[in-house]
Structure formats: structure tokens, C-alpha cells
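Structure, as C-alpha cells:
Order of the sequence lines sets the chain letters (A, B, ...), proteins ahead of strands, with each chain counted from 1. Just so you know, these numbers come straight off a predicted model, no measurement behind them.
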There are 2 protein chains.
Amino acid sequence: MGGMGRGLFHPQAPPPGPLPPSGWRAGGTLVSRRARAAPGRHAMSAGWFRRRFLPGGPLPEPRPAGPRSSPVPYHRPRFLRGSGSSPGATDASRRPDARPVRSPARGRTLPWNAGYAEVINAEKSEFNEDQAACGKLCIRRCEFGIEEDQEWLTVCPEEFLTGHYWALFDGHGGPAAAILAANTLHSCLRRQLEAVVEGMMAPQPPMHLSGRCVCPSDPQFVEEKGIRAEDLVIGALENAFQECDDVIGRELEASGQVGGCTALVAVFLQGKLYVANAGDSRAILVRRHEIRQLSSEFTPETERQRIQQLAFTYPELLAGEFTRLEFPRRLKGDDLGQKVLFRDHHMRGWSYKRVEKSDLKYPLIHGQGRQARLLGTLAVSRGLGDHQLRVLDTDIQLKPFLLSIPQVTVLDVHQLAVQEEDVVVMATDGLWDVLSNEQVALLVRSFLTGNQKDDPHRFSELAKMLIHNTQGQDNGATGEGQVSYDDVSVFVIPLHSQAQEGSGH
Amino acid sequence: MGGMGRGLFHPQAPPPGPLPPSGWRAGGTLVSRRARAAPGRHAMSAGWFRRRFLPGGPLPEPRPAGPRSSPVPYHRPRFLRGSGSSPGATDASRRPDARPVRSPARGRTLPWNAGYAEVINAEKSEFNEDQAACGKLCIRRCEFGIEEDQEWLTVCPEEFLTGHYWALFDGHGGPAAAILAANTLHSCLRRQLEAVVEGMMAPQPPMHLSGRCVCPSDPQFVEEKGIRAEDLVIGALENAFQECDDVIGRELEASGQVGGCTALVAVFLQGKLYVANAGDSRAILVRRHEIRQLSSEFTPETERQRIQQLAFTYPELLAGEFTRLEFPRRLKGDDLGQKVLFRDHHMRGWSYKRVEKSDLKYPLIHGQGRQARLLGTLAVSRGLGDHQLRVLDTDIQLKPFLLSIPQVTVLDVHQLAVQEEDVVVMATDGLWDVLSNEQVALLVRSFLTGNQKDDPHRFSELAKMLIHNTQGQDNGATGEGQVSYDDVSVFVIPLHSQAQEGSGH
């Protein structure tokens, strides 16, 4: 999403650059009018789930006639404007070994002087399906205790709680979902945070957002549950991902497009860095003597039990075409009647079962490691979009098995005694496919030791260097020099900049 | 369950002592004939779940006429026979401060010279609802490659894989389920292990239990999934708990009794200690410089998201009487229309919602910490039994929310370089309510430093001492001397005994 760092998400300021077709509004979300009329949040209703995904429910309402909204236009993050390589829709290089690594132009700074670099895949797709966004997050707060519906009556001196935001989206099935997510998620997050900001600013979140005490023991109840301001931010991130997923679903439907994306978000707010992840990107903290993974990956393999459990609960979702059981390989006729290794949704261990005919069906989750696929189709189990995704040539839907909820980890930066070389590295799976956490940490440390401390661009140079190390260049630090043929996008966030900036008010 | 350690679960040897009414058989399970005719494993069918728990399904089949089996008789673990206190049904002491602490008689040794002690609750119930079992586990193995249905034709030299077994069961709603579990679970486990033992003995579990290779790459597929012998033991434990739960359900129905229990099991097999837990008991490893928790607790609080998720999927289970949402306290009329703190199944964080009338219902999970209750009724969310348990004066069932599946952790004892003072402490929640892991470790270490190394009874003395420390005796190591009014049962398993015994062939 567009524009340089500062002021980007300020509610009064529209972002720089041309407006996307369905319209940015001050403080608003990218949603066309038709899409806005669509039904609400699916997570709130089991009935909705059953009607939407299970056979025998009422037919979907016919789509109202009217003009389709235009397709979401492809673009690269706007903070790349003016950088070396040619931008636009045709930046897929013809020669994999010459794929250009792009980073922001010198003189263009991202929040905290964070670094960024990206490379497109080796002709796996026409477009770079990764997207990125970053900026300042301005959370509007009214005076404590003002009733929401009287807000417009009140001469209310607005204040802002300021945060920072970095996000990576790794698209699949087309670039549209990742672009929509990069354009939208920060707005959803801002809205969710504004809905709870008074609770975040109080010494302890009050039972009632109004601050009024209905029951004198309310603070004690909140205390006993251990509810802190950071739990409101976690809740806001969880809700923002869901809201964004709904927006993407409506936008894609309105524009007749398809696709999905993973989402990895880092938000700095009130002295803490929140890392929210839905998909297989990863963020790690690299310090002189510490490597800490700040996210974990959600794939058909890591979420096997949740996915099998759902197929157990709603066997209709497999339409008789798949088996929910896991076997070491796909079974064949010769296995019939034999006792083979298997596991079901309730098992972390393995057992043996006698093979029946229904076990020969294609497995719900097939393959191992990076090759694991959900319903033979998808390599991730959490993310945004994919509302229309179906197994090839069938009516079997992927969406019911996908979660848009992120896992959120919290890094208390103010407790960390941040050193100048402490950075958070966020990257899409293309990087982690070929470099381990330890290899990345080695590269980061040796780069930061040898480079100009006062070059504001050095973290983008570092991000570029990390990507070069995924392109088969033999490097002392990483040994063999493996090649990633995927899109790769990297943010490097220096934590020390924040400490220099002062408190993250 | 009864008898002294050695040979207890050997399939050819019935246990010592009088037979329970529904019949021990050599190598068999405690199941009355009527109960055996009942339907099979519920975990295998979503249809079963829906018919069993959701309204509108077909009526349950009428129970066939016939004599009820006798109620399960109350008894203490048989390895306590001959110990100090008076056994039998009336061992609830009248004065809490004089509750007798019982342990095996001197001269009666448990496997590995493990120690055991117990105390009954302070008149919370008439009976001590904790139960315990321990013994040797003999897993029969036939020759590799013998077809199951030809077994009786074959002059098959039987071998045995020998293990050891210790288990604690904390009953509620009556002692029956815990007694059944103590009588049954080891048999279920032995049967599950015998079903996979050939796979466990192979260098790597073969894809086909027969050892025949249908596909030449089968070993490679198994290798890629990382399937090891220990995964078969984990699977066997998971399946044994489920099988035992089914047996208990049928036995309780047949005898017209009710109740449930938690289950914490330690099994030593092939050099590894497996700790399987369903409920709120706990096992910890105490070494000179290390404390390692080997289990985690499953309560309505720790399993909130799973339980709320189920209520989201099947709102019928709440019969309109409960709200699945969590609030810091139960809401009341004055809260209507206010925005209050809440969270739903998909949230680890908190948010605010405007209170509607349906939010005033009693919460699915209510209370905090030790006070948390599922449907206002139950303090644990995993365990065995409770098949008939309903919310008082309603038809709302608890069972669909309960899991009988344990979480299994594996301790590789042979990798541990076991020292003489290394022990595993297993205890029901009565101990952990008043003593922390650190306090228990302190007590263990100081006891073992000061006591006769060659007294085979010393680990029971240690178990007794731990229990005395839950009875309000002020002790230098633990400070204040808190009191547990609950049943408390403790095993202390010295790991060094195993090392002395030689390999766990």
C-alpha cells in the first residue's frame, strides 16, 4: 500500500498517489458500495457456517444486478516508487538469474528507518504476488466517557495514540487479495483499535468501556482475569484480520476476481511490538546473543488436527471425495486389507488400521513439509481471501478449512534494553525456504558490524543482502547458496530507532 | 487397582485378591456382557455425535431387559492392604486435622521401589475419590509376520515386551469411575500396545504392520513423516484412554452408577517414560539442578477456546440456557446496553461488546482459576466417565464438551544420565493446590539428602512427607503451611531404580 512512512494512516490524510478504483476515503476502508451491503461477520454464527458451506441449506441470494466494480489494479508498494527497477505490471524478469532485487529509493525513509527489499519469483507467476505496507498508525481517541452516539454533539479535543505498522502479504491464485489486504488491513486495525482505545489508555482496562462501575468489584474481576491493555491490542488484531477477510471477500466478489494471501503484521504501540501472523511468513528477533522466533507458521501440516477435526465434524465438506485420515503416503489397491500406519484428528501419535476401500480416496492433507497441500490445492491453512476457492473441477470448498485469525505474540521492547544492532526480520516464506533463522542471524550480525552506522538506508541494504543470499550466491556465512524461486519480501526493523525516537506515545 | 507390583498385568496371571463383580479375565477387560454389546467408539463418527448429543436425532434404542450388573464396590488400591490405617468404606475421618496418611506396608514394594501415599479429603465426600494403580505391563508379541487370524494355528513362541505402569485417577460425582479406571485402563493400554508391538520393535515402524513392502519407497515415506516407535506408544495411550472411557460408560450404565475421573498415567517402555494426562493432576521431574513439568492441566480455563468453539459449532448443546461468551464476571440487568469486556472462541485477546439480553445468561465457563467451572458444574475438561452427567435440573449434557484424549509427553530416560536422586512426582490436584513445583522440589531434595539410601521404603516416606506438607504443618521449606481439604494421592518414582534394573527390555 502506498506512500512514504510518516502520516500515512492519519485519518485526516488520504494516502498519496492515485485513488484505487473503489475509493479511499479519509479514515475509511476500501469497500465498494455493493460489497458493503453484503452480510456480516461469519465468525459470529454457526448457522451462517452451515448455510454457507453445507449442502441442503437455502440457495444463496441472487446477486443484485448492477455494474461490477473494476478489478483491483496490480501495483508494487508505493514506497518503492523511484527505486531502481522498472515498476508496473510487467516486472517478471525473463532470466531467473537476473531477477532484480528492489528496495526503496535512497532518500525515501520508512518508519524507524526500517529496511525493505523484494524480488519477484522465477516466472512462477506473471506478477509478484507478495505485497507490503508500512506506515504510522494514528488512533483517534475522544475524551474518556463520551457516549458514542453523542460524539458529534461534543466539542471533543481529539488526541492521537500513535503506533507504527509493517505488513507483508504473500498472495496466491492471483495478486488481488494481497493488494486488497495491503490497502485495507491497517484501516481495519485502526478502526478496531479506536473502538477500544479508552480501555487501552486506562491503567487497567475497565470492565465497562464507559469507565462507569456498575458493580464495585469490577476492577477486581478484571484483575483476577489478568486482563491488560495488551490483551485489547491482541483482540483488535484478531478482529481486524477477520474484518479485513470479510472486506476482501466482498471486494473480490464484486470485482469478479479470486485469490488469497497470507498476512504477517508487526505493530508497535505503547512500548510493545505485536507480531500477528496468519500463514507461512515469519518474523524473528535478532540480537547479539539471541535469536527469538516471533511467529509460527500455519500450514496444513502444523494445523493437521484442527483441519481433520473439522472434517470429522462436517464430513459433508469432503463430498465423499477425500479421506480425512493421514497415512504416510497415498494408499492404493494393493494396500487393501493390510494394516497400515495412520492417524486421525484426535491423535498426535500413530497407530495401525486395516485398509478399507474408503481409505484409498485422496487425503485431506497430502504431502510432507513444504509439499503438504490442503485438499490437494493449498499450502497454507490461515490467511485472507480464498472465498471462492474450490478443488479443481469440483464444488469442494477450501474456505471452511481456512482461518483468518492470526496468532499474536508480544515483544515488550521497553523491557528489552535494546542495543543498536537489535533488529526484527520479517520475510515471506521464500526467504525461510532457503535460509534458517541461524543463517539469517549470522548474515544480519556480520552485515551490521561492517556497515556505516549513520547511513539511514543501511537496513534496506541489509534486506537486499538477505535476498541476494536466496538467489544462489555462494556466501561464506551460509555455505552452499541455495536458490529460492519464489517471491521474496523482507522488512528489517531496527528496534533502536524507536528508542531514539523516544517513547512510542 | 490391586496387588503388588511384579507380574500384576501379566496376561496369564489374574490379579491377586477377590474378583470384582463383573469379572476379571486373564488378559481381558472388566466389562459385563450387557455392556459389551453397546455401540462402538464414538470418536470415529460425527453422525454418532450428532445423534447422541443433538436434539432431533432418533431416540436411543431401548435398553434390553435383563439384570443390572452389581454396583462397582468401593475399595482402596490393593497395594495398601496391610498398611496402618483401617481400610474399607468408612475411612473418612471425622476430624480433618487427624486425617490419616496412608502408604503401602513396609515390606510391600511397588515397581522400581516407587513410593506412594494418600490422604482422604476433609469430609468433602464419604469416600476417598482418588484411586491409584501400578504394576508391570507385559506386552505379548508374536513372531513377526504371523497373520492375526492364523495365530491360533501357529506354534508361536511368545515373547514379552515388559513395561511399568503407574496411574492416578481423581474421581468426582462418586468413586465408581475412578475405581473402574484403576481396574481397566492398564488392560486397554496393554491391548492397544499389543496391536502395534511389532511396529514398536522394528528399527522403524513399517508402513505395513505385516512388514511386507507394497511399495518399495515405503520406508522412505515413513522416514519423511518422522514416525518413530514412540509415536506408536503415544497413539496406543491415546486410543487406550478412549477405549477405557467407552468401557466406563458402559459399565456405569449397566450398574446404574454415575461419576467421572481424571487420569494421569506414567508408563516406562523401551527406555522412555511416557506421561499421559487427561485432567488436572500433574507429574514433574525433580533432579538436582532441574525441575521439569511433564504434564499440563486441562480445565475449563486452559481449554476455553476448544470448549467455546464447540458451543459455536453446536449451539444446541447450550439449550438456550448458557452464553458461550466469556466476561470478567456474570452480567446483570444493569449492564444491558453498556460496552463490556468479552472474548469469544476465536480470541486470545479481549475486546468490548455492547451487552444484549442473551449475554445475561449463565456463562458456559464461569469463575477463575481453581474456581472455574464448565456449565457451572465441572472443574476439569478432560477425563474419563461422566457419560450421564447433566447440569442440575436440566437436560444439558456435559459429556460432549469433555475429551478423554490425554496429552502425552515423552522423557527419554536413557538420554538423561540419571542420578540417584532423580525422581518423578505424580500427584492429584490436592497437592498442587497448596504446593508449587518449586516447593515440592525443595522438599524432595532435602528429604533425599537426609535419608537412608538403602531403605526401599524411603520413597513412600517421601510421598507421606509431601502429603503432610499439605495438611497445614508449617515447614521451613514451604513457609506458611497451607491446607488442602481435597483428597491427595502421590507417587514418587525413582528413575535410578530403572537404571539399576538394567535395560527396560
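A donor-acceptor pair under 3.5 Å links the side-chain atoms of A:E238 to the main chain of B:G349, judged by distance alone. Not a single donor-acceptor pair under 3.5 Å links the side chain of A:R348 to the backbone N or O of B:I234.
The side chain to side chain donor-acceptor pair (under 3.5 Å) search around A:Q368 returns A:E301, B:K225, not counting sequence neighbours.
For the atom pair A:I227 CD1 and B:R343 CZ, the distance stands at 7.0 Å (nearest 0.5 Å). Separating the CE atom in A:M207 from the CD atom in B:Q338 is a distance of 9.5 Å, to the nearest 0.5 Å. For the atom pair B:E198 CD and A:Y352 OH, the distance stands at 9.5 Å (nearest 0.5 Å). To the nearest 0.5 Å, atoms NE2 (A:H208) and CG (B:D334) are separated by 8.5 Å. Residue A:M347 holds its CE atom at 11.0 Å from CG of B:L237, rounded to the nearest 0.5 Å. Here the CG atom belonging to B:D344 is positioned 9.5 Å from the CG atom belonging to A:N239, to the nearest 0.5 angstrom.
Of the listed residues A:A236, A:G235, A:A311, the one with more heavy-atom pairs under 4.5 angstrom with chain B than any other is A:G235. Annotation: maximal heavy-atom pairing with chain B below 4.5 Å, among A:G226, A:G369, A:S217, A:P205, occurs at A:P205. Counting heavy-atom pairs closer than 4.5 Å to chain B, the top residue among A:D218, A:L403, A:V233 is A:D218.
Looking only at side-chain heavy atoms (C-beta outward), B:Q309 and A:T313 stay at 4.5 Å or farther from each other. Side-chain contact check for B:K332 versus A:C215: some heavy-atom pair is nearer than 4.5 Å. With contacts defined as side-chain heavy-atom distances shorter than 4.5 Å, the pair B:V196/A:S351 qualifies.
With a threshold of 4.5 angstrom between heavy atoms, A:L331 approaches chain B through side-chain atoms but not through N, CA, C or O. For a residue to count as touching a neighbouring chain, one of its non-hydrogen atoms must lie under 4.5 Å from one of that chain's; by this rule A:Q407 does not touch chain B. For B:E326, the part lying near chain A is the side chain, with the backbone staying farther off; criterion is any non-hydrogen pair under 4.5 Å.
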